[in-house]
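Encoded as structure tokens, the structure appears first; notes follow it.
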Amino acid sequence: FAYLRRRDTLVCAHLIGQLTVGFRVLQHKIFLCCSPHHSLQCLLRKETCSLMHSQVFSLFPVKVSGYCVIFSLVFIIVPVAIGGTASGEPCVFPFLFQEKEYMECTTEGRGDGRLWCATTYNYNTDKKWGFCETEEQAEQRRLVEEAEEQYQDAIKMINSTNRRSQKKELYDRLLKVAEMGHAKAMEKVAYAMLFGDYLPQSIPQAKEIFEKLALEGSPKAQTALGFLYAAGLGVNSSQAKALVYYTFGALGGNLVAHMILGYRYWGGVGVPQSCESALTHYRLVANHVASDVSLTGGSAVQRIRLLDEVENPGSSSGMLEEDLIQYYQFLAEKGDVQAQVGLGQLHLHGGRGVEQNHQRAYEYFNQAANAGNTHAMAFLGKMYSEGSEYVPQNNDTALHYFKKAADLGNPVGQSGLGMAYLYGRGVPVNNDLALKYFQKAAEQGWVDGQLQLGTMYYNGIGVKRDYKQALKFFNLASQAGHILAFYNLAQMHATGTGVMRSCHTAVELFKNVCERGRWSERLMAAYGSFKEGDMDSALVQYLLLAEQGYEVAQSNVAFILDQSESIFNENESYPRALLHWTRAAAQGYTVARIKLGDYHFYGYGTGVDYETAVIHYRLASEQQHSAQAMFNLGYMHEKGLGIKQDIHLAKRFYDMAAEASPDAQVPVFLALCKLGLIYAQQYLQDLNLKELLSQVDLDQLLGPEWDLYLMTVIALLLGTVIAYRQRQHQAVPRAPPAPPRPPAQPEQPAGEPEEQ
């Protein structure tokens, strides 16, 4: 490498697990780098290859004495002393200063904060030293350190407050830090501008910042640029560029980029469909998500469909009204134990319109536990076992609460006690007792007990390894929605452990796990923007979630584009909505499939295509048994649109719609009435009544004097009616004569008062 011929370069060749040897490149020759005062053992320490300015290159095989050994090269730039008593000489690491060894440049011993190093091992005796940076570099470093300090302060305050006004002020402060060139602050500010979070939404400004950061290698910025090109926000849409940026973001370790690529390979979006590639990306993200899952299960994920929310407010969201929350708080204050436990769980996990708040959760659980509620005792044990900012981690206290709850037969306490014995938290490890308590909890249907039993059978802990039993308990836990149960099932299907290997099943399970990651909080943020009327902010947030493969976000994007004006022009809205309805339908959302039929029926975002509309309606009817799709198919059979006109099939589909949903019975009744009229009209047309009457000979059928007979019958009927009416008139009794009116009262004089 030409790079190795620089005078200030050190090459550290690391023989994995055995020996580390340092070399210095000088005039195209390689020399040992160790100080003469130390043996080669000084380079065996891990810190040797962790010096500043190091860069790790790929592993490569080297033949040494007939054996193939794997080497890892770490190239380390060694600073050259500037000024001081040894200007121009390379720094030596480690060097000794005041009885302490330094593995890198230090500011110790200086009041101006400039970095310096020694050029010999023992500075105390040799006094050979120099600066590691110029004055300009030192000033730049101080600015960077100041920006980092301000950034950390701002982030700490942002995370500690829920007040929107205060967060806006802190983001303004963060904006100033970003202007100082702080990379992480720039990332935060750019995303805030992209989504309109606490800063005015400005996609062009966000794009400009992302482009600067991407050039510096920021994986978050590369992922954001991929999103902008995929969605066509501020740039012309380009799926090829999006894929490049997503790939770079994923290579940099960005989990969102991995998740997006996983979805793209799974659905064949812009890339050839590949289940194995999707599995690779989703598994990597799922590993991180599963490792973050705590004993308490983490915060809840709210998936609110805007279409359902608009048509039936509150029906699908599961959100609790503020009045209802206040009512439960009132009950809790009055000593209602069930209300206390319920509010404690809501604040512990968050969701349903309640923010996660461990302090409030602890207070409610404590009140209920003091009243003797075993669930509250067990959840207090969980909180102490896990620990948080408000509740310090304490195994002894957790064990105390778990035992109290378990002794009273509470499954949550039994499961917690099982965890304590399984992992030795406050008690010696005892697999037999752990198994016993998990079985008790599982018998009562508690999900954690089922999960841990599955884990013990899967790993053969305390029991003989049994993959069938593990699969059984993981399936039971997954029915309750436990994220780790999905993760373990995904691993079993991905590796074919205990089941037939199924890449498709593994990907779907891993995808479910990935969608429970911390980025799912963006769903509620987007919904909050929608409720506040900020459609552009909601749309951009849902667009990013849609890229990550959230079906509910895809349908919400389509709904917003379908219902209101957006940041896209009118000509783009319907085609984009059609795209997202298509993606949502591919994930099994029935309404999206019906919407696809509607779009092709009316020609929204595409040409009018009755045949394609019929295909989508039929899929929704056969796969999801949708009453709306059946009704639409009945209408198309009735009119002969896209399929052969057939009144009998139309009636059949109308009847099926009425059976599938009670809500469809009234429109089906009206449609059948209309269909009956059409059928009668068609029957009469087919019968040709005029021609039939012309062929009838009444003289031959009724005789030559049929008209006299008819007139006689009519006269008799008329006489009967007249006689009947006269008899009714005679039977009506006469009204009695009116009584005589009383004489008029004389008017009272004006001076006398009227009687009250």
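Worth knowing before you read on, the calculation uses all heavy atoms, side chains too, and leaves out hydrogens, waters and symmetry mates. Start at 1 with the first residue, then count along the sequence. Everything numeric in this text was worked out from a predicted model, so none of it was measured.
Remark: the backbone N or O of T455 is paired with a side-chain donor or acceptor of N459 at under 3.5 angstrom. Judged by distance alone, the side chain of D466 and the main-chain N or O of Y457 form no donor-acceptor pair under 3.5 Å. When atom types are taken as modelled, the side chain of W581 and the backbone of G597 share no donor-acceptor pair closer than 3.5 angstrom. Checked by atom type and distance alone, the side chain of T497 never pairs as donor or acceptor with a backbone atom of H493 at under 3.5 Å. Distance alone, capped at 3.5 Å, places no donor-acceptor pair between the S621 side chain and the S626 backbone. Side-chain atoms of Q201 come within 3.5 Å of backbone atoms of L194 as a donor-acceptor pair (strictly under, hydrogens ignored). A distance-only check finds no donor-acceptor pair linking the side chain of S537 to the backbone of D534 [under 3.5 Å].
Residue E551 forms a salt bridge (charged side-chain N to carboxylate O under 4.0 Å, His left out) with just one option from R305, R583, R303, and that option is R305.
Checked against a 6.0 Å centroid threshold, the rings of Y191 and F210 count as neighbours. Taking the six-membered ring for Trp and the full ring otherwise, the centers of F631 and F653 sit at least 6.0 Å from each other.
A distance of 6.5 Å separates OH in Y265 from CG in L261, rounded to the nearest 0.5 Å. For the atom pair CG (L484) and CG (L489), the distance works out to 11.0 Å, reported to the nearest 0.5 Å.
At a cut-off of 3.5 Å, with distance as the only test, no side-chain donor of Q645 or E638 sits close to an acceptor on the other residue. No hydrogens or angles considered: nothing links the side chains of Y550 and Q554 as a donor-acceptor pair under 3.5 Å.
Of the charged side-chain nitrogens involved, at least one lies within less than 4.0 Å of a carboxylate oxygen, so that E515 and K511 count as a salt-bridged pair.
Using cut-offs of 30° and 60° on the angle between ring planes, the pair H375 and W446 is perpendicular.
Screening residues 604-616 for side chain to side chain donor-acceptor pair (under 3.5 Å) gives R593-H616, D609-T612 as the qualifying pairs, with residues at least two apart or on separate chains. Residue pairs meeting the ring pair (Phe, Tyr, Trp, His ring centres under 6.0 Å) criterion with at least one member in residues 239-264, sequence neighbours excluded: Y229-Y245, H258-H281.
Taking the ring centre of Y458 as origin, the terminal cationic atom of R465 falls outside the region bounded by 6.0 Å and 45° from the ring axis.
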